[in-house]
Amino acid sequence: MESSVTLWNFDGTYRRQSFYLRSNYTSIDLEYMRNISLFCEKAVLWELADRMRNHPSSNIHYLGSGNYHYISYILQSQINEPYTLVLFDHHTDTLPAPSESLISCGSWVLESIHNLPMLKKVFIIGVSEDAYLHIPEDVQNKVAVYTEHSLQSNLPTITKSILTNLPTKSIYISMDKDVLLQEEALTAWDHGTLRLKQMMGMVKALYRTKSIIGVDICGEYPVNPATEYHKRTKEALEKNDRANGFILQSIQHWNAKRHKPSRLLHA
């Protein structure tokens, strides 16, 4: 069974990529919306949620630039069973928003911990070494952090530790490509040191042992008519198209294996 894909089109980035064209996909057009980059009014956030409900259900969501990573909060708010968030990101996204009326790309994990009762724990993988400084004390018991340097020193052991310590059977995976080396993806944020195959090896381990109830991917390089022909923009689009394609093909393959009927059923 092929996995369906939803593209959140905030700036036209995905129209300049091709990784999804052979998949069953739908696009949510949001280019007309203003004042939702980085920060979003919570009232507007639920308007976006309504837009999502008007489209076919999907288990893989591409969210555009990391500026819109807060869309992950909407997707997780639909989950009605206990689950763990496994986040691949170079940032913790646990900083308080400047106002209670706002959610931001840097606050959505904190909002999720505070407001989504089915979320039992967050594992953040690939963050910078000072990540602990950005996690408020009142939620530290619900967050496990694995820094980029620790991953490079002993990735197999850490992967095994994560699998052992996940408190729920159901897992939601969120990936920001800024966790990757710049030679493998290019975003508008500072980058980590994970390689794409390393990250997807960890995701594969999760698919093998846990129930994956949703996946989202962000970290596109922002595009606008004034910059789309710049050398760096074209380089970013090419790199991210390749990375997105590798991620999508891998997930679709693993989903297909999970849903493949057992031969015993036809004996």
Side-chain angles (χ1 to χ4, degrees), residues 4-56 58 60-76 87-91 93 97-98 102-109 111 174-180 182 184-191 196 214-248:
S4 58
V5 181
T6 296
L7 309 172
W8 292 73
N9 179 32
F10 290 99
D11 63 3
T13 300
Y14 294 125
R15 286 202 301 273
R16 297 166 176 86
Q17 297 185 32
S18 61
F19 69 91
Y20 55 87
L21 292 178
R22 294 185 179 180
S23 301
N24 176 25
Y25 75 92
T26 186
S27 180
I28 301 178
D29 184 12
L30 300 164
E31 286 187 87
Y32 69 93
M33 298 193 73
R34 297 291 178 264
N35 303 317
I36 58 172
S37 178
L38 298 175
F39 300 95
C40 182
E41 292 281 349
K42 289 180 179 176
V44 176
L45 185 72
W46 298 117
E47 290 181 24
L48 295 174
D50 288 339
R51 289 293 304 273
M52 180 186 72
R53 283 189 280 270
N54 291 331
H55 287 77
S58 173
I60 306 171
H61 289 256
Y62 281 82
L63 310 183
S65 161
N67 292 7
Y68 306 102
H69 205 165
Y70 59 78
I71 295 296
S72 188
Y73 179 87
I74 294 177
L75 301 175
Q76 292 176 67
L87 170 64
F88 294 87
D89 204 312
H90 198 229
H91 310 88
D93 294 351
L102 296 172
I103 190 169
S104 77
C105 61
S107 73
W108 68 272
V109 172
E111 293 278 351
S174 183
M175 291 176 259
D176 189 330
K177 292 193 293 294
D178 70 12
V179 78
L180 302 173
Q182 287 195 36
E184 305 221 46
L186 195 55
T187 75
W189 297 84
D190 56 291
H191 275 255
L196 181 59
V215 180
D216 67 57
I217 304 99
C218 71
E220 305 311 318
Y221 193 80
V223 175
N224 61 64
T227 64
E228 64 176 312
Y229 297 110
H230 289 181
K231 180 180 179 180
R232 185 170 178 82
T233 304
K234 291 165 70 174
E235 176 190 1
L237 286 168
E238 291 172 2
K239 285 184 178 180
N240 292 337
D241 196 17
R242 287 195 298 270
N244 286 333
F246 184 78
I247 292 169
L248 180 58

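- Using a 4.0 Å cut-off between charged nitrogen and carboxylate oxygen, Lys234 and Glu228 do not count as a salt-bridge pair.
- To the nearest 0.5 Å, the span separating CD1 on Ile71 from CG on Leu45 amounts to 6.0 Å.
- Side-chain contact between Ile217 and Leu63 is absent, with no heavy-atom pair separated by less than 4.5 Å.
- Heavy atoms only, all atoms of each residue included: Met52 and Ile74 are closest at CE-CG2, 3.9 Å.
- Residues Asp89 and Asp178 are in side-chain contact: their nearest non-hydrogen atoms beyond the backbone lie under 4.5 Å apart.
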Problem set entry | Worked check of side-chain hydrogen bond (donor to acceptor under 3.5 Å, both in side chains) between Ser72 and Gln76 | CA-CA 6 Å; Ser72 188; Gln76 292 176 67; 2.9 Å; yes

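- Qualifying side-chain contact (heavy atoms from CB on, under 4.5 Å) partners for Ser107, counting only residues two or more places apart in sequence or in other chains: Ala97, Ile103, Ser104, Glu111.
- Under a 3.5 Å cut-off, the side chain of Lys177 and the backbone N or O of Asn240 do not form any donor-acceptor pair.
- You'll find the ring centres of His90 and Trp189 outside the 6.0 Å limit.
- Rounding to the nearest 0.5 angstrom, the gap separating the OH atom in Tyr25 from the OH atom in Tyr14 is 13.5 Å.
- Take Val179 and apply the side-chain contact (heavy atoms from CB on, under 4.5 Å) test, not counting sequence neighbours, and it matches Phe88, Leu194, Met199.
- A side-chain donor-acceptor contact under 3.5 Å links Ser174 and Asp216.
- Taking the side chain as every heavy atom from C-beta outward, Leu102 and Lys42 never approach each other to under 4.5 Å.
- Not a single donor-acceptor pair under 3.5 Å links the side chain of Ser27 to the backbone N or O of Asp29.
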Exercise. Ser65 and Thr187: side chain to side chain contact (heavy atoms under 4.5 Å, CB included), yes or no, with the steps?
Worked result: CA-CA 8 Å; Ser65 161; Thr187 75; over 6 Å; no

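- Two residues are said to be in side-chain contact when any heavy atoms from C-beta on lie closer than 4.5 Å; Ile247 and Leu196 meet this criterion.
- Not a single donor-acceptor pair under 3.5 Å links the side chain of Thr26 to the backbone N or O of Thr6.
- If you look at Phe19 and Tyr62, their ring centroids are closer than 6.0 Å.
- Put simply, the side chain of Tyr68 does not reach to within 4.5 Å of the side chain of Cys105, judged on heavy atoms.
- The distance from the NE2 atom of His55 to the OG atom of Ser58 is 11.0 Å, given to the nearest 0.5 Å.
- In this structure, His191 contributes its side chain and Leu180 its backbone to a donor-acceptor pair below 3.5 Å.
- Between the side chain of Tyr20 and the backbone N or O of Leu7, no donor-acceptor pair lies under 3.5 Å.
- Taking a cutoff of 4.0 Å between a charged side-chain nitrogen and a carboxylate oxygen, Arg16 and Glu220 do not qualify as a salt bridge.
- Contact between Asp11 and Pro222 at its shortest, heavy atoms only, is OD2-CA, 3.6 Å.
- A tilted orientation is assigned to the rings of Trp108 and His69, their planes being inclined by 30° to 60°.
- Taking CD of Gln182 as the start and CG of Asp190 as the end, the distance is 9.0 Å to the nearest 0.5 Å.
- Within the 4.5 Å cutoff, the side chain of Tyr221 has no heavy atoms near those of the Thr13 side chain.
- Within 6.0 Å of CG in Asn35 there are 12 or fewer heavy atoms belonging to other residues, nucleotides or ligands.
- Ile36 has its side chain out of reach of Asn67: every pair of non-hydrogen atoms, C-beta onward, lies at least 4.5 Å apart.
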For this session: Evaluate side-chain hydrogen bond (donor to acceptor under 3.5 Å, both in side chains) for Asp176 paired with His91, printing each intermediate quantity in order.
Result: CA-CA 9 Å; Asp176 189 330; His91 310 88; 5.4 Å; no

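- Residues His61 and Val215 have side chains not in contact (no heavy-atom distance under 4.5 Å, counting atoms from C-beta outward).
- Between the side chain of Arg51 and the backbone N or O of Glu47 there is no donor-acceptor pair closer than 3.5 Å.
- Taking CD of Gln17 as the start and CD of Glu238 as the end, the distance is 10.5 Å to the nearest 0.5 Å.
- A donor-acceptor contact shorter than 3.5 Å links the side chain of Thr233 to the backbone of Thr227.
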